[in-house]
Amino acid sequence: MTQTLTIERWVPQQVTNGNKGGHWRVKQAKLDEAQQMVWGSARAAGWKPQPGKVHVHIHFVFPQKRRRDVDNLTARVKGCLDALKRGFIDDDSMEVLTLAVSAEVEKGRKALEI
């Protein structure tokens, strides 16, 4: 079963890896925000649990054109996947989950589509 979710006017903040990019509490706050936004939105949209292997496609819509690296986009999805593990998918390991991450620019629009 395919389930889709669009969260308008929001994309998860970038969370840097390692010791670069700030205090651990700042990083955790960004992850917590993403988890709450995605989990609450999926629940409100009536998402059902998907047992077994799943494919998740996360698509970012940015309002302005800038250079964005694929690895940085992928780093933004951690909190989103953690949210899905809280009742919608079994796990986010590579044995269970395949992940696709993409992005586009649509002037004046910011959104996350799962």
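Note that the coordinates shown come from a computational prediction; the quantities given were computed from them, not determined experimentally. Just the heavy atoms: all of them, side chains too, but no hydrogens, waters or symmetry mates, feed the values below.
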Exercise. So which heavy atom on Ala34 is nearest to which on Pro12, and how close?
Worked result: CB-CB, 4.1 Å

Exercise. Do Leu97 and Val101 sit in the same hydrophobic cluster, where Ile, Leu, Val, Met, Phe, Trp and Tyr count as joined when their side-chain heavy atoms come under 4.5 Å apart?
Worked result: yes

Exercise. Out of curiosity, Arg9 CZ to Leu112 CG, how far, rounded to the nearest 0.5 Å?
Worked result: 13.5 Å

Problem set entry | Distance in Å, Leu99 CG paired with Leu81 CG, rounded so as to fall on 0.5 Å steps | 5.5 Å

Problem set entry | Approximate separation, where rounding is to 0.5 Å, of Cys80 SG and Phe60 CZ | 6.0 Å

Exercise. Does Arg86 pair with Asp82 as a salt bridge, N-O distance under 4.0 Å?
Worked result: no

Exercise. Quick one: do Leu31 and Trp10 end up in the same hydrophobic cluster if we chain Ile, Leu, Val, Met, Phe, Trp and Tyr together by side-chain heavy atoms under 4.5 Å apart?
Worked result: no

For this session: Look at the aromatic rings of Phe88 and Trp47 and report parallel, tilted or perpendicular, splitting at 30° and 60°.
Result: perpendicular

Problem set entry | Validation row: Val56, Thr98 side chains within 4.5 angstrom (heavy atoms) | no

Exercise. Side chains of Asp32 and Gln28: do they bring a donor and an acceptor to under 3.5 Å?
Worked result: yes

Exercise. Can you find a heavy atom in the side chain of Pro63 that is under 4.5 Å from one in the side chain of Val105?
Worked result: no

Seminar exercise, completed: Rounding to 0.5 Å, atoms NZ (Lys78) and CD (Gln35) come to a distance of 7.5 Å

For this session: Flag yes if more than 12 heavy atoms outside Lys85 fall under 6.0 Å of its NZ atom; otherwise flag no.
Result: yes

For this session: Using salt bridge (Lys or Arg N to Asp or Glu O under 4.0 Å) as the criterion, list what pairs up with Glu8, not counting sequence neighbours.
Result: Arg109

Problem set entry | Those residues that, when tested against Ser93, pass side-chain contact (heavy atoms from CB on, under 4.5 Å) (two or more places apart) | Asp91, Glu95, Val96

For this session: Indicate, with yes or no, if Val61 and Val77 share a hydrophobic cluster defined by side-chain heavy-atom contacts under 4.5 Å among Ile, Leu, Val, Met, Phe, Trp and Tyr.
Result: no

Exercise. What's the shortest heavy-atom distance between Arg76 and Gln13, and which atoms?
Worked result: CG-O, 4.0 Å

Exercise. Under 3.5 Å, side chain of Glu113 to main-chain N/O of Leu5, donor-acceptor pair present?
Worked result: no

Problem set entry | Parallel, tilted or perpendicular, as decided by the 30° and 60° cut-offs, for the rings of His59 and His57 | perpendicular

Problem set entry | Minimum side-chain heavy-atom gap Gln3-Gln50 below 4.5 Å | yes

Problem set entry | Side chain proximity check, Arg68 to Phe62, heavy atoms < 4.5 angstrom | yes

Problem set entry | Backbone N/O of Gly52 and side chain of Asp90: donor-acceptor pair under 3.5 Å | yes

Problem set entry | Contacts of Asn72 that satisfy side-chain contact (heavy atoms from CB on, under 4.5 Å) - sequence neighbours left out | Gln14, Asp69

Problem set entry | Same apolar cluster (I L V M F W Y, side chains within < 4.5 Å links), Leu73/Val11 | yes

